Amino acid sequence: MKFFIDTADLDEIKQASDWGILAGVTTNPSLYAKTGGKLADFEDHMVKICKIVGEDVPVSAESTAETTEGMIAEGEHLASLAPNIVVKLPICEESLPATHKLAAEGIRVNMTLVFSAPQALLAARAGARYISPFVGRFDDIGDDGIEQLSTVVECVKNYDYGYWDEEGGPEIITASVRTPHHVTQAALLGADIATVPFGALKKCVHHPLTTEGLAKFAADWAKVTGEAK
Ligand code: E4P
């Protein structure tokens with residue numbers, strides 16, 4: 001499973017990129033707003049992200065247009081900003097024809113706010129390069145996000161779609177990830193990607209037994225060096 005980072009924070013993206021594990025970045029209007037960024041700086045900000053990660057690493061930039069025509073125009077414009085921009089569109093009646101048109105032009109779409117298998121199947125048929133089922137938001141309302149994800153993965157992987165075959169698409173991005181447990185479960189289910197906020201990514205690095213083991217090694221090594229107190 002590949003790791004994307006789910007943030008628009010440049011420092012977090014730089015750090016995760018330096019870890020050598022980063023295969024992509026996903027942003028959304030809320031994540032951009034969190035950086036304190038203004039509308040006038042949005043495009044520059046997306047280009048900065050693209051430069052940090054390098055042009056082989058896809059960066060999802062979300063369109064806020066509400067009509068099919070608007071999504072197509074904004075999608076074409078966003079895609080022209082950098083070769084690694086992926087246009088993020090929310091699943092809806094307007095975005096399906098927009099995705100179909102953008103895919104025909106070779107522009108990659110990440111279909112977001114996916115909460116059901118039928119939505120995911122429609123996204124795949126319309127030509128989405130990436131499909132983003134949300135996990136954490138199901139948990140937030142007392143549902144089981146991982147169970148929902150498993151249905152999406154199984155349904156989508158049952159078929160071929162004739163789009164993005166050479167790139168191995170459409171790929172499923174497990175989104176709205178909150179915990180290392182979500183990451184493990186996504187990998188067990190065979191999701192292609194997990195997009196993980198930096199805080200949760202850091203939690204994935206650590207384990208209490210690793211911390212304990214390190215302390216023990218340090219204490220024992222201090223006996224060897226004679227520095228033990
Ligand atoms: C997907 O790409 C979204 O950015 C995302 O994962 C949102 O998750 P949230 O539920 O943490 O806002």
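What you see is a predicted model, and the numbers here were worked out from it, not measured in a lab. Both ligands and their constituent atoms are indexed starting at 1 by order of listing.
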(request) Inspect the surroundings of CD in E76 and state if more than 12 heavy atoms from other residues, nucleotides or ligands are less than 6.0 Å away. (result) yes
(message) So, taking the atom named CG in L188 and the one named OG in S150, what distance separates them when rounded to the nearest 0.5 Å?
(response) 11.5 Å
(message) With a 4.0 Å heavy-atom cut-off, what residues sit around ligand 1?
(response) D6, T26, N28, L31, K88, F134, R137, A175, S176, R178
(request) Could you grab the distance from atom CG of D9 to atom NE2 of H45, nearest 0.5 Å is fine? (result) 7.0 Å
(request) Verify the neighbour count for atom CG of D160: are there more than 12 heavy atoms of other residues, nucleotides or ligands below 6.0 Å? (result) no
(request) Flag the pair R108 / W164 as yes when at least one side-chain heavy-atom distance between them is below 4.5 Å, and no otherwise. (result) yes
(message) I'd like to know if the side chain of T99 reaches the main chain of G127, judged simply by a donor and an acceptor atom lying under 3.5 Å from each other, with no hydrogens or angles considered.
(response) no
